[in-house]
Amino acid sequence: MIALEARGLAIGYRHHTVGEEIDLTLANGEVLCLLGPNGSGKTTLFRTLLGILPALRGEVRVAGRRIGEWHRRYLAHQLAYVPQSHAGLFAFTVEEVVLMGRTVRIDRFATPSARDREVAHQALDALGIGPLAERVYTEISGGERQLALIARALAQEATILILDEPTANLDFGNQLRVLEHIEGLKTRGLAVLMSTHQPEHALRVADRIAFLRTGRIVAQGGRNIASARSLADLYGVDERLVATSLPQSVS
């Protein structure tokens, strides 16, 4: 089943078009990875898919309905966003951060119920960070914070997750841990759209890959589209440099 769909999409702002003619589909139980150089329009595309920015042309559909037909509260039951990084300014515990994902399902002025706390702890346990529940969020590692943000999105009980460079600024070990858990999300039937600047990460976790350049999808398909030649064209570098950085099987 198609969870998220963009057709003939033009993105940007009132007096500035960032991208156009964008067609994307994302199915339940699928990971779609977006690759592209800085300035290609990935963040603007994500903001449009999330309904934060209106489409200039074309349409976005969530679970078969145009995004404008969704009430914001119920749209949040479908779509969850995991930002690239979040240092945190206040000394919330990890449990409290994850419970923030429940706000879209809690009545105004109500406090989290036993059920909300159960869902939050299930999300923490699913990502292997249950023992961190009482730790202060600002005092845990970058990789642990990223897993906590993913847990917050899971606690939201959305069916679609949009992850903006989820391994950015993480050390090698934490990158592998985050990627392992992203692989596990699709086994739960979730639809995952993520961006990365590391093609080898896309080759590890993605079912499909899309190339975004200057605001247009210039290629999309299975992992086989991410060859040394195609990546060199996408990023404007020498093919030999790309070949040395990719797993031998795809270079």
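Every heavy atom of this structure was used, including side-chain atoms; hydrogens, water molecules and symmetry mates were not.
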Inset, instruction - Say whether, by atom type as modelled, one donor and one acceptor occur between the side chain of Ser195 and the main chain of Asp164 under 3.5 angstrom. - result: no
Legend entry - Within 6.0 angstrom of Arg65 CZ, more than 12 heavy atoms from elsewhere: yes
Legend entry - Criterion side chain to side chain donor-acceptor pair (under 3.5 Å) on Asp233 and Ser230, from CA distance to verdict: CA-CA 5 Å; Asp233 288 342; Ser230 66; over 6 Å; no
Legend entry - Pairwise side-chain contact, Glu21 with Asp23, heavy-atom cut-off 4.5 Å (strictly under): no
Legend entry - Within 6.0 Å of CZ in Arg73, more than 12 heavy atoms from elsewhere: yes
Legend entry - Thr167 and its side-chain hydrogen bond (donor to acceptor under 3.5 Å, both in side chains) partner, picked from Arg177, His197, His201: His201
Inset, instruction - Report yes or no: does Glu95 contribute a side-chain atom to a donor-acceptor pair with the main-chain N or O of Leu132 at less than 3.5 Å? - result: no
Legend entry - Steps toward side chain to side chain contact (heavy atoms under 4.5 Å, CB included) verdict (Ile11, Leu53): CA-CA 8 Å; Ile11 59 174; Leu53 289 175; over 6 Å; no
Inset, instruction - Please answer whether the main-chain N or O of Arg105 pairs with a side-chain N or O of Arg102 as donor and acceptor at a distance below 3.5 Å. - result: no
Legend entry - Worked check of side chain to side chain contact (heavy atoms under 4.5 Å, CB included) between Thr25 and Arg7: CA-CA 9 Å; Thr25 59; Arg7 292 296 181 194; 3.4 Å; yes
Legend entry - Step-by-step salt bridge (Lys or Arg N to Asp or Glu O under 4.0 Å) determination, Glu20 to Arg216: CA-CA 6 Å; Glu20 54 190 350; Arg216 292 176 180 263; 3.0 Å; yes
Inset, instruction - Tell me, with the steps shown, if Leu34 and Ile217 meet side chain to side chain contact (heavy atoms under 4.5 Å, CB included). - result: CA-CA 9 Å; Leu34 196 63; Ile217 300 292; 4.1 Å; yes
Legend entry - Joint cluster assignment, Leu179 & Val192, ILVMFWY side-chain distance < 4.5 Å: yes
Legend entry - Interatomic spacing from CD in Glu69 to CG in Leu75 - rounded to 0.5 Å: 11.5 Å
Inset, instruction - Output yes when a side-chain donor or acceptor of Asp125 lies under 3.5 Å from a complementary backbone atom of Gln122, and no otherwise. - result: no
Inset, instruction - Decide side chain to side chain contact (heavy atoms under 4.5 Å, CB included) for Ile150 and Leu163; before the verdict, give the C-alpha distance in whole Å, the side-chain angles of both, and the deciding distance to 0.1 Å. - result: CA-CA 9 Å; Ile150 296 173; Leu163 290 73; 4.3 Å; yes
Legend entry - Atom of Leu212, atom of Pro37 and distance for their closest heavy-atom approach: O-CD, 3.6 Å
Inset, instruction - State, with a plain yes or no, whether a side-chain heavy atom of Val62 is found less than 4.5 Å away from one of Thr159. - result: no
Legend entry - Leu26-Leu190 co-clustered via ILVMFWY side chain contacts under 4.5 Å: no
Inset, instruction - May I ask you to test the Arg204-Leu176 pair for a side-chain heavy-atom distance under 4.5 Å? - result: yes
Inset, instruction - Output yes when a side-chain donor or acceptor of Gln156 lies under 3.5 Å from a complementary backbone atom of Leu79, and no otherwise. - result: yes
Legend entry - pair Tyr137-Leu149: side-chain heavy atoms closer than 4.5 Å: yes
Legend entry - Side-chain (Arg145) to main-chain (Ile140) donor-acceptor, under 3.5 angstrom: yes
Legend entry - Main-chain N/O of Gly51 paired with Arg72 side-chain donor or acceptor, under 3.5 Å: yes
Legend entry - Mutual orientation of the aromatic rings belonging to His77 and Tyr74 [parallel < 30°, tilted 30-60°, perpendicular > 60°]: perpendicular
Inset, instruction - May I ask you to test the Gln220-Leu24 pair for a side-chain heavy-atom distance under 4.5 Å? - result: yes
Legend entry - Backbone of Ile52 reached by a side-chain donor or acceptor of Arg47 within 3.5 Å: no
Inset, instruction - Supply the atom-to-atom distance Arg213 CZ to Leu35 CG, rounded to the nearest 0.5 angstrom. - result: 12.5 Å
